[in-house]
Amino acid sequence: LFRSFKKKVVYHFVFRELKASAHIYNTDTFVDMMRSLGLSARYEGSGLLDFALQDLSIEGQFKYKMPIFWGSIKIYKFEAKVTLGGVRSNIGGILGNGKFNRFLNDKIESIIPNYINGNQKEISKTIENIFVPQINAYLKGHKVWWLLGQMIDSNNKCSPTPAPWLALE
């Protein structure tokens, strides 16, 4: 009796440039964000924000089981490989706008790609441990017909909120 089917999905997303920019950013919010990440800052200033992740690639595969009559849709065996080609950082107002500011931007441009490219297994595990249970919880109790209905009936538009570090003028 045909009760469910299993499929493998292979994906590859490439983002040539993911950019955050603003003529002026509010460092009070930026510093609050840093503090929430466990970082500290001794100086607060403001300035230009121009930051971009370049050639971000997210590729991998996952398997899913989709029941026809009983049970829930479920994702399992998730794999992801995240690579980053580079970072462009021109964040002004970090301890002024002189040599130290450029030094910090250079460090940001070097540290972020090295961290991402050097920790691919950990990043994949983190994605799997955080997102797969959330997705499976959302899918719990639903069958293929519900998923098809969600895709067909969707007419929602995405209106992202502005980044919290952008200054309101």
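Owing to the predicted nature of the structure, the values given are computational and were not obtained by experimental measurement.
- For Y138, the ring-ring contact (aromatic ring centres under 6.0 Å, His included) partners two or more places apart in sequence, or in a different chain, are W146.
- Residues satisfying the side-chain contact (heavy atoms from CB on, under 4.5 Å) criterion with K125, sequence neighbours excluded, are E128, N129.
- By the side chain to side chain donor-acceptor pair (under 3.5 Å) test, N136 pairs with no residue at all, sequence neighbours left out.
- Legend: residues meeting ring-ring contact (aromatic ring centres under 6.0 Å, His included) with F13, ordered by chain and number and at least two apart, are Y11.
- Applying the salt bridge (charged side-chain N to carboxylate O under 4.0 Å, His left out) test to residues at least two apart or on different chains, the pairs with a partner in residues 108-120 are R102-E109.
- For T126, there are no side chain to side chain donor-acceptor pair (under 3.5 Å) partners at least two apart in sequence or on another chain.
- Taking I116 as the reference, V82, L84, I112, I123 meet the side-chain contact (heavy atoms from CB on, under 4.5 Å) condition, with sequence neighbours excluded.
- Here the side chains of I127 and F78 are in contact, with some heavy-atom distance below 4.5 Å.
- Side-chain contact between Y76 and K65 is present, with heavy atoms from C-beta onward closer than 4.5 Å.
- Taking hydrophobic clusters as Ile, Leu, Val, Met, Phe, Trp and Tyr residues chained together by side-chain heavy-atom distances below 4.5 Å, L104 does not share a cluster with I111.
- With contacts defined as side-chain heavy-atom distances shorter than 4.5 Å, the pair V9/Y64 qualifies.
- With sequence neighbours left out, the side chain to side chain donor-acceptor pair (under 3.5 Å) criterion links E17 to R88.
- Remark: S89 pairs with N105 by the side chain to side chain donor-acceptor pair (under 3.5 Å) rule, at least two apart or across chains.
- The side-chain contact (heavy atoms from CB on, under 4.5 Å) test applied to Q134 returns I130, F131, not counting sequence neighbours.
- When the side-chain contact (heavy atoms from CB on, under 4.5 Å) test is applied to K121, no partner is found at least two apart in sequence or on another chain.
- The salt bridge (Lys or Arg N to Asp or Glu O under 4.0 Å) search around E59 returns none, not counting sequence neighbours.
- Using a 4.5 Å cut-off on side-chain heavy atoms (C-beta onward), I75 and K63 make no contact.
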Decide yes or no on side chain to side chain contact (heavy atoms under 4.5 Å, CB included) for K81 and I58, but give the supporting numbers first. CA-CA 6 Å; K81 179 181 178 186; I58 305 169; over 6 Å; no
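- In this structure, T83 and Q120 have side chains that are in contact, with non-hydrogen atoms separated by less than 4.5 Å.
- Between S57 and H12 there is a side-chain heavy-atom pair separated by less than 4.5 Å.
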